Every structure is written in structure tokens, then in C-alpha cells.
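Convention: sequence-line order gives letters A, B, ...; per-chain numbering from 1. Remember, predicted model here, so these are calculated numbers, not experimental data.
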Amino acid sequence: MNTKGAPLRSERERERIKRVEALRFDGVAAVPALLAELVEPSWAVRRAVVAVLAGAGRETALALCAALQNARDDEAKIAGIVDALTASRVDVEDALIELTRSPNLAVVCDAVQILGRHESQRALPALEALSEHPDDNVALAAVEALGRIGGKTAVDALLKLARSGNFFRSFPAIDALGRSRDPRALETLVKLAGEALYAPEAVRALGRLGDPAAAPDLVRLAAGASESLVRNIALALVAIRDQCRRQFGTGAAVERAFFSSPRLPALRQQLMQSVKLADAPEQLALGQVLAWIGDESTVPTLLSLLDGPGAVAQVAAASLKQLAAVAEPQLVEALRESTAGRRRLLIPVIGGRAAAREVLIECLEEADAGVRALACDALARLSDPSVVPALFTLLGDADGRVAQAALGAIQSLGSNETRELTLRAAASNDERIRCAALRIIGYFAYPEGFALTSAAASDASERVRDAAIGALPFFDKPEAVASLITAAHHESLRTRTAAIRALGQTSGGELVLAELRAAVADESPWVRYYACQSLGKLRDEASTALLAERLSDGSGQVQVAAVDALAHLRGPRAFEVLSATVGSADPDLHRAALVALGISRRAEALPQLLSAMRGDDAATRLVALSALAELGLPEVVPALARATEDRDAGVRTAATGFLAARSDAAATNELIALIVKTPERDSLVQALGHAAPGRVEAITDALATADDATAAALVGSLAHAGSPEALDAIRKGLTVRNDATRRAAAAALLALQDAESATALAHAALKDPDAEVRRISAAALHS
Amino acid sequence: MSAVALSPQVFSILSGLIEERTGIHYGPDDRALLAEKLEPRALERGFESLLDYYYYLRYDPGAAAELAQLVDALVVNETYFFRERAALDIAIDVFVTELVRAGMRPRIWCAACATGEEPLTLAMLLDAAGLLDAVTLVASDISGKALAHAREGMYFRRSLRALPPDVAGRWLVPAGNGMRVERRIAQAVDFRRVNLVEQAEVAALGQFDVVLCRNVLIYFSDTTVESVVAALARALRPKGRLIVGASESLLRFESGLICEERAGAFFYRKDDK
Ligand SMILES: C[S@@+](CC[C@H](N)C(=O)[O-])C[C@H]1O[C@@H](n2cnc3c(N)ncnc32)[C@H](O)[C@@H]1O
């Protein structure tokens, strides 16, 4: 185990930090001394100074504002002051606003930056004025601050600047508008996208804005645009589509925007042309767009992208897969003509198609092992047993992955011929082929194969014995058990271990249990390990005491296996032992006990599992969480909800998944509550999108009082759900009193391209009291 | 098609163990990648479940040897001669030369040298500067397989992709379809096995004037980087320099080292106070 040392600092640095931290208690009087420490650079000292200053009270904060004006003798000092004021929670906005009137423009810029970071509403009028300041640096800082603050006033100011015609102001304003994600920016950005000078910036901003209402305009703009602008447009469309998919589960509105264009064939040509000089991100975008509007003519371009960087090639392959139905002969031909690198990408593209059968069989002879393995997988998906003989030739492949893939394919295909081929392979001189054949015999439990499997369990080769032992449990007969018991006494430890493990996969019986109970005291820890596991699998209640004893086994893995086995036993003693083991200091034992408590499904386990959720180790929390989910009680739901905010990403993902898998009212309510709290978390929106009784009604209720962000998220869940009932709820959302809900509903109907709501949208476009609803509804009708 | 499944729980446990022992960090998105590397090792050992394999790594007396083999399968040994050369030139032209002039024998350590191209490049550059005999050059890696390759001294196209014109023939001699490092250069490097997260192993090497630790910290989590860099800093003599990869930065860590820039390359200097 590694001993993690504290970060090393020099003696002098440590002294300085100590001094800095002591100054914490001197209040405003300490400011000059603290600022002096910023001058000589040291990251550790600087961090300490900023932390002390940021945590201090109002007087200190005011002193810092004054220093920003008066103590500008050193850059490091100024930067430290700005950082401290940015991090400070004390409200000195008025003093900072005062500073924006300083004659020293550098001071103005610093103050503006801090106000922007604080998202100060009060500073809006000052910032708006400064955004028209004659000095470009000041104006730029103000525009950036406005962008950070967002909201109606800030966006209005940015809109004005974007349209100002002043190059230096418009550019940053356009950028800030895109980042604002505010739908009011749409119209201005679309207009600017039509002006040569601003087009690239405005198109980029439209991509960031993510509003599908922009898609038809972008498509229109693409017709006749320069190659570089076309590439920009592709990037923007893909960004908008991705945003729609996250929010509503579909990108249809963007993907279909091309189809209303009368110039579709020309656009297709333009997009293909523009691939040539595109960089990787642009290729990534173009590759996707070409799939939306693709036909046979786009296939060669997409094929050429297969030779691009990894991500581009992946996207091109995915796009080709979408076109596989219309371009099947072309793709089959391409696979035949391709190099190994392209073949690896193309096999999954047309793997499942009958027309690819011949070329896939050719691929089995390819020099590249990856291609051979993929071809096996693809042939398995053809459901054509006539390919089985070809697959048999690969069972002895030098590359393990290929042999494994061939084995898997043969097992999934089956066929009358398979039996005969397998029995023949079982007599092969090649050890690998024999092993594979034994696995197939076991898988199909061929009665004719039993005798040779049983004999192979005492073969001279360890690997052959392994394979035979693995196959024997599939033969449900006493002779199979007898062979396994013989193998359990073989001189090779690995063989004994395999046999004890395999005994746990039989259907049990007294002979088996007696053998396993004896093996619990074997001299080898791995035999004991699998003996415990097997007794648990066979639910041998009579072994409870025997297993409990193993908790003090000298080998850790045996203790863990005993816990695992006890989990499968129902008696009170087993549960008692498990509860006691949860307190173990050994992390593995602790975790195994948690898993076991989950399997036990007893309500008494709840407090221990909840307490484990508070531990430091992420793996342990994940195990406890899974056990909680396993318990299935309604009381676990709040814990699952809390875990969606865990500090470990794995725990968060799992918790969201567990919540998504539940369909009780408790889960619905927790998910809604979480979304109200953090509407920006797409994974929650998707989780709530799973169907559950009463869920649509609960979402509808929550929508009555939702704000814009929450309404967008909740409606997004309904869109993800996509059931007739959910779609109906979205349509009804267009008529409720809450403006936010109507906006969200209109946006969703636009994204979903919902034909049924045309009348309602037409009505809303004209009559809705809210301008935003009217705008979105009109856009939905046009697209 | 995979024969052995890796559930999120077992992934979390196994990746935790691997990180503890090697520093290499796997995020939740790397689950399939890790499963692909673990599967052949587990099957080779006769395990059908990766949890069983984990217990093997945790409890079996053979775990150390198995872990060493697993590490060989996990690490990325990608490297080549004269990679990110600017920093090497400056290290020699400025720091090493200065110390030799002052009458000292500088000690240089390539931590995480992979298959040896980096220390061998240094040896060549030192030789060109007439300093090869004036320094001690130690190189180490966690991977026994990579070190065996380094000691073997044979290199092929991938390693030679950035070779300056005058190097072949001078320090590298054609052999078969590759090149062999000249004896004098090869013998100048002392290859050792050192795991950077084991502070005792690092400390046992003594102190150095120049430590190169390039393109390995990217595989570690921030906490691990912080403790590894602290150990490396302790292994620096006063005024010694730590050199990390061109795309790596230690500025967000409290290393106690002072960052300096020379000709676009970054060095971290140990305070002499
Ligand atoms: C990409 S190579 C870098 C080689 C060389 N330094 C360069 O920059 O070209 C990374 C090396 O780090 C090694 N490594 C990974 N974890 C390590 C650890 N904990 N201790 C020592 N070396 C480690 C790997 O074995 C691998 O050889």
C-alpha cells in the first residue's frame, strides 16, 4: 500500500503560510501585510492569502476595493485582490459599482469583471452604459459581464450591442448571446448570420443557443454559402440537434430541416465538397449531417471519412449504418475492397445483413485478428446456420479473441451440422480446438458428447480438464457428478478448484453437498473459497455453522466467500452473522456483507446500508447503494435520491439508474424534486422519462408552478417518455396558465415536429398572451 | 464478445485497487477498456469472474507477480527517441553543464522511462556535449516488460520516427530490420524497476539534480499526482529541476516547486532556501 505524503513545501513557505493564517484574526488591519505577501510569488502562499481575504468581513472587502484603486504597484497583487473579491461572499457591489466610474480604466475593467462573476443585477445599468464605452477593453469587459449575468436586461443590452454595427462590440456580444442560451437572441442572431461579416460568429452562436427554430434558417443560409461557412453551419446544426436530443430525446426537427428545402440535391453536393478541407471537428459534424440527408451519392464521401481520426471514423461508420438499407450493395462492395482498418469499421455497419454473408466469410481469412473476430460476431447475427462450418475453422485461431468469438457465434447459431462438427472437433489434436468443442458440447448438452467429456475431465492436459469440468454441470445426471467428484481429488490444484466451482453449478444432491462440505476444510484457500461459494449457490442451510466458522479463516478470500454464501441462506443465524460482519474493518469483508444484506432483502438491513452510504470509500458506497436498491423497500428511495448527488460519478450514475428503474410514486416524487432543484441535469430528465403509473399526472401537477428552467426539464421528461399520454400532456401544456409551461410545451412541440398540434400552435402563434410562446409556436408551424 | 462481465461495482473495486497500487486512474467511462485488459489475465489464471480475480489480487500469495503482469498489460508504453527534445537540450545545456563546471557530478533520473528511448536520448545528447562520463543516469519504470525491452536495446520504426539525421550510424547501428543502441550509450543508463506511487522505492534512489517525469502523470488522478510530485520533489537536491511533459502542468498543485520557463519548456525548481 502506498503512503500518501503531504504536499511538500519549503520551510520558508510554511512559515509564510503560518504567518498569513495568523493574520486572519487581525481584521482589516491585516490587509496591507497580506497584500505584501502577494508580491513574492508562491502559489501556496498566494492561495492562503486569497482564502483569508475572501473569508474576511465587510470592512476588509471595502479595504480591498480601495486597494484596487490605490495599490496598483504590482500585477500579482492586483490579480490577488481581484480573486479575493470574486470569491468573497460579502456584498460590496455598491463600492464596486462606484469603482466603475474610476478615471483609471484598468480599475474599471477589474471592477466590471468582479461584478460579472458575482452576477450582480444591481450593476446592470452601469454595465450597460460601459458596454458603449469608447475604450475597447472596458466595453469588452462589460459585454462579457453582461453575458455572465444573463436575464432580460443583460440580454437586451447584448442584443443592442450585437446590432450596433460596431465590429469590436458586436463580435463579443454575439458570442455572449450564444452562451446566454436565451431564446430571445434567436432572431437577431439569425439576422446577423445573413450578413457576410458576422455570419461565421453568428452561426457559431446559433449552435450554442441550441434552439431548433434556427435550423430552417441555417439550412437556407447554407445554400450557396462558401465552403467554410457550410462547415460552420454543419457544426451549428449538429450542436442544436445534440441539445434537442438531450432535452427532448429526439433531434428530428433539425435532421428534417433539410427536407423542406427545394435545393436539397445541391446542398448535398455542397456538404460533400466541404469535407475536403474540413478539420476533425468539422468532419465529425459533416459526417453526421451527411447521414441525415444521405443517399447512395453520399456513401463515397462517408467512406473516405473512415480513414480519418478515430472519432471521425466512428461517426462516419455510424452514419453509414443509417444508410445501410439504401446503400447495401455499395457497402458490401466497399467491405470486399477495403483494407483491414476500414473493414474493422465496416463490418459492424453491415454485419447483420444477409447480403454481406459471402464477404464476411472472406473476412474470416483476413490477416488482421480484429477483423476475424468482428466477422465471427457479425456472422452470428445473420441467423444463417450454413455459416457454421466456416466458423469451426477458427476455433483453433492463434488469437484468443478470435477463437472466443467463433465459439460464441457457433453457440448462438446452432444447427444440425453443429453436433457432428463439434464431436469431430472434440477429437482434434489441437488442444484449443478440443477445449472449444467441449464448451460447445456442454452448452448444447449433446448426449453423445457426455462420455468423451467425462473422459476429458481426467485428460493429461490441464486446459482440457478445465474445459471438460466446465461442461459437465450441464449434463444433469449422476455420472456427471461422479466425474466432477473424481476431478475434485485430482492432484492439480487448478483442476480441484475448477471441479469444486463446477459442483456449485450442478443441481446439488447429498453427494455433491457432502463433497463440498468436506472441501470447506481443504488445505488450499481457493478450494475452500469455491466450496463456500458453491454451498451458497446450492442454498445448503445445513452448512450455516460451517460457513460462519469460515469468517475466521486465515485467508481473506475465504472469509469473503463465506459471507457471500451466507447471503443465500434464509435462516436467522445467517442474517445474524452477516449483520455482525458489516462492521468489519476489512473493506472487502465489509462490502461483501453489504452485498449480502441486499440479497437478504430484509428490512432490518436498512439502517446498516444507509450508514454505509456515508462512508469515504466510493466503491463501498456503490456496493451499499446497489444493496439498497436490491432491498426494494420504498424507504430506500430518498437515499437513492441523495446518492444522485454523490461526489463520485460512478455512484451518481448508478443512483440515477436505480431511480429510473423504479416506477413507484416515491421515485416519481423524488425525481421531480431533484429536477426542481437542478433542472440542468439531463440524466434526471431522462430518468423521469421512463414510464410509470401516475407519473404523467405528477409531472403535470409540478408544471403548474414551475419556472422556465424547471418547466423545460419536466416537459423534456414527457418528450423523452414519448407515450401518447405524455404527448397529450405536452399538448395540454400549451393551454395552461403558467407562461413557463406554455413556452416549454411550444418548444417541445417544435422539437418533436408534432403534426397533431398544428391547430393549437397556430392558435398560440396568434393569440397567446406571451410573446415568447407566440414566437416559438410560429417557428414550429414554419419548420 | 466478452466472456467475463465487469459490473459497475466490481469495476469500482478493481479500479480502486489498480489505482492504489499503480496510480493509474480509470474513470467510469473506461469500464469497457479496463474489462478488455483484465479479461485475458483472469481467464489465464483460471477465473471465470472478475470479482474472483480481484480477490486473487488482494489475498493470494502470488498476487505481486500477477499484478506485475497485469501492469504490463495496462500501461501505455508509447514513447520514441528525441520526443519533446527542447526540454532535454535545455536540461543539459543549462543545468547539467553548470553543475559539471562547478566540479560536481550531476545525477539525472528518468522516472517512467518506458522502453528506454528517453534516457537513451539523454545519453546521446550528453555524449554530444562531451558530458556522458561526467553524470550518473538512472532510468526507471513500473513495467518489467518495458524495462526488459530497454535493456535489450533493440528499436524499430515506431521508436525511430523523430530521429534527427546525424543520429543513425553514430549512436544507433542497423541490426535486422531495426536499430541497436551503441554499447557505450546503453551502458551509461542504469535501468531499475520503480513504482512511483511507492514512496519508499522513490526515496531509495537517493537525490537528483534533474528528474524527468514525462507523460505519465496524465494517467493519474489529481490526488495521486500531488503525492507523486511531492515524492519527486523530495528526491530533488536543492536547486534541482523537475521536468514534466509538454502538455502537463503542475501549477494547480501545491508542489512547493517554482515554475520557470525557458525557450517554451517548463521546469520546476526546488527552492534552495
Ligand atoms: C507513455 S510512457 C512515457 C515514456 C516517456 N517518459 C516519454 O515521455 O516518452 C508512460 C510510462 O509510465 C509508466 N508508469 C505508469 N505508472 C507508473 C508508476 N506508478 N510508476 C512508474 N512508472 C509508471 C508506464 O509503464 C509507461 O512506461
Options B:Val229, B:Asp52, B:Ile258, B:Leu51, ranked by heavy-atom pairs under 4.5 Å with chain A, top entry |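 Of the options given, most contacts go to B:Asp52.
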For B:Ala63, which residues count as a side chain to side chain contact (heavy atoms under 4.5 Å, CB included) partner, sequence neighbours excluded?
->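 B:Ala63: no side chain to side chain contact (heavy atoms under 4.5 Å, CB included) contacts found.
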Who wins among A:Asp466, A:Thr497, A:Asp588 for the most heavy-atom pairs under 4.5 Å with chain B?
->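 Ranked by heavy-atom pairs under 4.5 Å with chain B, first place is A:Asp588.
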Using a cut-off of under 4.5 Å on heavy-atom pairs, state which of A:Gly400, A:Ser626, A:Ala618 scores highest against chain B.
->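 Looking at each of A:Gly400, A:Ser626, A:Ala618 in turn, A:Ser626 comes out on top.
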Measuring from A:Arg401:CZ to B:Glu36:CD, what's the distance to the nearest 0.5 Å?
->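 Here the interatomic distance stands at 7.5 Å.
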Within a radius of less than 6.0 Å around [atom1] of [X], do more than 12 heavy atoms belonging to other residues, nucleotides or ligands occur?
| X | atom1 | answer |
| --- | --- | --- |
| B:Glu260 | CD | yes |
| B:Lys145 | NZ | no |
| B:Arg157 | CZ | no |
| A:Glu21 | CD | yes |
| A:Glu523 | CD | no |

Under 4.5 Å heavy-atom distance to chain A, tell me which part of B:Arg31 shows up: side chain, backbone, both or neither.
->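 Neither part, no heavy atoms under 4.5 Å.
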Go through the atoms of B:Glu44 and report whether side chain, backbone, both or neither lie under 4.5 Å from a heavy atom of chain A.
-> both
Could you list all the salt bridge (charged side-chain N to carboxylate O under 4.0 Å, His left out) pairs where at least one residue sits in residues 42-51 of chain A, not counting sequence neighbours?
->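 For residues 42-51 of chain A: A:Arg46-A:Asp83, A:Arg47-B:Glu254.
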Considering all heavy atoms of both residues, which atom of [X] and which atom of [Y] are nearest to each other, and what is their separation?
| X | Y | answer |
| --- | --- | --- |
| B:Pro28 | A:Ala649 | CG-CB, 3.9 Å |
| A:Leu622 | B:Ser12 | CD2-CB, 3.7 Å |
| A:Arg501 | B:Gly46 | NH1-O, 3.1 Å |

Can you confirm whether [X] sits close enough to [Y] that some side-chain heavy atom of one is under 4.5 Å from a side-chain heavy atom of the other?
| X | Y | result |
| --- | --- | --- |
| B:Tyr59 | A:Val558 | no |
| B:Ile13 | A:Val623 | yes |
| B:Gln9 | A:Arg591 | no |

Could you tell me how the ring of A:Trp526 sits relative to the ring of B:Tyr56: parallel (under 30°), tilted (30 to 60°) or perpendicular (over 60°)?
-> tilted
Where on A:Gln533 is there a heavy atom nearer than 4.5 Å to chain B: the side chain, the backbone, both, or neither?
-> side chain
Contact origin within A:Asp586 toward chain B - heavy atom pairs under 4.5 Å =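 The answer is the side chain of A:Asp586.
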